[in-house]
Amino acid sequence: MSADDTSGQDYRARVRAWLQANAPTVPPGDTPAEYLAAAKAFQAALFDAGFAGISWPKEAGGQGLSRTEQQIFSEEAVDFELPVGPFAIGMGMCGPTIADLGSAEQKARYLAPLLRGDEVWCQLFSEPGAGSDVASLQTRAVLVDDEWIINGQKVWTTGAQWSDFGALLARTDPDRPKHAGLTMFVIDMHAPGVEVRPLRDMTGRAPFNEVYFDDLRIPADAVIGQVNAGWHAAVTMLGHERVSIGGRRRARGNPLEFAAVAELARTRGLASDPVIRGKLADLYAHERVLELFNDRMVQEAAAGNPPGARGSVAKLAGALQVHRAVDVAGSIAGAGAIAWDEDDRSGDELALAINSSPALSIAGGTNEVQHNIIGERILGLPKEPQVDRDAPFRTLKVGTQGS
Ligand SMILES: Cc1cc2nc3c(=O)[nH]c(=O)nc-3n(C[C@H](O)[C@H](O)[C@H](O)COP(=O)(O)OP(=O)(O)OC[C@H]3O[C@@H](n4cnc5c(N)ncnc54)[C@H](O)[C@@H]3O)c2cc1C
């Protein structure tokens with residue numbers, strides 16, 4: 001089906017009507033707990049109306065429709081500020097990875113509650129000594145009888161404070177090379193042995209956390225994919241993550257979206273300024289190119305050609321576009337980007353968006369790491385030297401090991 005044919009138009013009309021009737025008009029809830037409750041109620045309504053997991057297979061709890069319908073929904077949703085943030089990691093990363101690699105029991109148990117927003121997920125990869133080089137992680141999982149016992153620490157875990165489950169990457173065999181001794185697990189974030197501590201960022205909020213594991217016990221069958229094949233599972237999840245981050249369309253209300261920046265220029269009387277007009281034209285051109293690139297990846301994926309390393313192009317281009325928007329919006333707002341009248345909500349939102357923007361160049365793999373991936377896997381440039389690739393992990397100096 002193309003997005004323009006009759007059934008596509010019917011679907012678009014149904015989506016628009018549902019969103020107009022059900023999308024919240026003001027951000028719901030004053031506290032994080034109230035927001036989460038409102039977000040769960042909204043996600044359940046979305047699921048019950050048949051608009052969650054639109055292109056996921058039916059056996060994975062989804063609607064079994066094509067990516068075209070998913071794209072129609074995304075296009076219509078940009079006009080609304082939907083409270084779906086708490087589900088982004090579950091739906092964009094953990095869920096698709098379980099759908100790809102999980103056992104039949106895991107798919108049956110986890111995917112539908114995840115899609116309905118009844119259960120929230122987080123991704124437990126990064127550690128104090130393992131970020132870009134995540135294969136150097138030290139969290140240990142040891143099989144004792146029919147249970148894995150987990151000890152270690154994760155960091156920057158988005159949404160751990162309200163998550164029910166996490167996809168954990170841990171070391172199961174330190175005698176193998178670093179990429180070959182990892183395993184991915186499902187863990188219950190409410191189990192004894194899991195401690196979540198919030199981390200505050202420069203916006204003043206605490207979107208991510210440290211997570212400590214102290215003799216956490218999980219069942220032997222909590223493995224996603226195969227034991228010691230966690231690197232494959234991690235690469236699968238990171239591929240979903242990059243497409244999910246890069247392909248995300250900013251809601252129209254977002255202060256860094258082109259229309260909002262152009263409106264800012266109008267309200268500040270700078271719409272005729274030739275320098276600002278040039279910057280706005282550049283911003284618009286890049287935003288359009290990025291949209292077309294993402295649309296093309298969606299269509300190619302629908303035709304059976306998954307994005308692979310091109311997800312890194314989407315992720316990198318999305319991060320660079322936000323920096324471009326910060327530059328233009330900052331030039332227009334001037335001192336208004338850091339100081340505004342008490343009753344000026346737009347000043348508050350602009351400052352929050354600007355202060356949040358550096359995170360996009362780090363989360364999901366830094367810009368430099370995306371450059372490396374694009375260079376090696378798309379442009380065919382020589383690989384970075386990796387002297388520690390074949391040595392047993394136990395012999396390496398990484399994190400707190402061997403220091
Ligand atoms: C908002 C946010 C949310 C996050 N959420 C999560 C989450 O939910 N779960 C999770 O597991 N992690 C999460 N992270 C962590 C994120 O994945 C890591 O921060 C990221 O991978 C970088 O790792 P690092 O911070 O350890 O930096 P490092 O890896 O120490 O990098 C430091 C600097 O060195 C550069 N560098 C490193 N290696 C290379 C190389 N080979 N070539 C060139 N340059 C290099 C980097 O680009 C960077 O500039 C989140 C991060 C942010 C900012």
Side-chain angles (χ1 to χ4, degrees), residues 1-5 8-9 11-13 15-16 19 23 51 54-55 65-82 84-85 88 91-93 96 239-265 276-303 305-329 332 350 353-354 356-357 359-361 363-365 367 370-371 373-374 378:
M1 187 182 82
S2 98
D4 299 324
D5 70 14
Q9 285 166 19
Y11 190 76
R12 190 180 291 281
V15 169
R16 190 174 305 157
L19 287 171
F51 293 124
I54 293 169
S55 60
L65 298 173
S66 73
R67 285 178 188 253
T68 308
E69 281 93 352
Q70 179 62 64
Q71 194 181 6
I72 289 173
F73 185 92
S74 303
E75 286 168 7
E76 292 302 316
V78 292
D79 286 330
F80 303 87
E81 275 184 64
L82 303 183
V84 291
M91 278 178 218
M93 303 164 207
H240 288 300
E241 176 170 14
R242 281 161 198 162
V243 174
S244 168
I245 294 179
R248 205 173 289 156
R249 284 169 188 259
R250 276 178 289 288
R252 289 221 200 283
N254 186 304
L256 298 179
E257 187 259 344
F258 169 76
V261 181
E263 183 55 27
L264 184 69
I276 298 295
R277 287 174 75 87
K279 286 185 179 230
L280 283 171
D282 182 57
L283 185 66
Y284 178 74
H286 280 92
E287 190 158 296
R288 250 338 255 149
V289 169
L290 188 56
E291 273 174 18
L292 292 171
F293 178 74
N294 286 326
D295 289 352
R296 184 180 173 145
M297 279 206 307
V298 169
Q299 285 164 12
E300 287 188 5
N305 181 16
R310 286 175 307 159
S312 288
V313 180
K315 205 267 153 175
L316 176 63
L320 294 178
Q321 176 65 0
V322 167
H323 291 309
R324 204 172 280 118
V326 166
D327 175 45
V328 186
I332 296 167
L350 180 61
I354 289 176
S356 305
S357 63
L360 288 170
S361 295
N367 286 4
Q370 307 308 334
H371 278 129
I373 295 170
I374 293 165
I378 299 181

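What you see is a predicted model, and the numbers here were worked out from it, not measured in a lab.
Listed by chain and number, the residues in a side chain to side chain contact (heavy atoms under 4.5 Å, CB included) with A359 amount to none (sequence neighbours excluded). Remark: R296 engages E300 in a salt bridge (Lys or Arg N to Asp or Glu O under 4.0 Å) (not counting sequence neighbours). In this structure, the side chain to side chain contact (heavy atoms under 4.5 Å, CB included) partners of V313, at least two apart in sequence or on a different chain, are F293, I374, I378. With sequence neighbours excluded, no residue forms a side chain to side chain contact (heavy atoms under 4.5 Å, CB included) with A285. In this structure H371 satisfies the side chain to side chain contact (heavy atoms under 4.5 Å, CB included) test together with L316, sequence neighbours excluded. Shown here are the side chain to side chain donor-acceptor pair (under 3.5 Å) partners of S356, two or more places apart in sequence or in another chain: there are none.
A329 approaches L264 most closely through the heavy-atom pair O-CD2, 3.9 Å. Across all their heavy atoms, P255 and V261 have their closest contact at O-CG2, 3.5 Å. The heavy-atom pair separating A317 from L290 by the smallest distance is CB-CD1, 3.5 Å. Taking every heavy atom of both residues into account, D327 and K279 meet most closely at OD2-NZ, 3.4 Å. The shortest heavy-atom contact between A265 and I276 is CB-CG2, 4.1 Å. The nearest pair of heavy atoms linking G311 to M297 is N-SD, 4.4 Å.
A heavy-atom distance below 4.5 Å is not found between the side chains of I373 and R310. Proximity of S357 to V326: side-chain heavy atoms (C-beta onward) are separated by under 4.5 Å at one or more points. Proximity of R16 to D79: side-chain heavy atoms (C-beta onward) are nowhere separated by under 4.5 Å. The shortest side-chain heavy-atom distance between Y11 and I54 falls under the 4.5 Å cut-off. Between L19 and L82, the closest side-chain pair of non-hydrogen atoms falls below 4.5 Å.
E69 and S66 are linked by a side-chain donor-acceptor pair at a separation below 3.5 angstrom, with hydrogens and angles left out of the test.
Remark: E75 engages R12 in a salt bridge, criterion side-chain N to carboxylate O under 4.0 Å.
To the nearest 0.5 angstrom, F51 atom CZ is 10.5 Å from I72 atom CD1. Here the CG atom belonging to D282 is positioned 11.5 Å from the CD atom belonging to E287, to the nearest 0.5 angstrom. Put simply, CG on L320 and NZ on K315 are 9.5 Å apart, with the number rounded to the nearest 0.5 Å. Taking CD of E263 as the start and CD1 of I332 as the end, the distance is 10.5 Å to the nearest 0.5 Å. With rounding to the nearest 0.5 angstrom, the NE2 atom of H286 is 13.5 Å from the CD atom of E291. Rounding to the nearest 0.5 Å gives a distance of 4.0 Å between CD of E241 and CE of M93.
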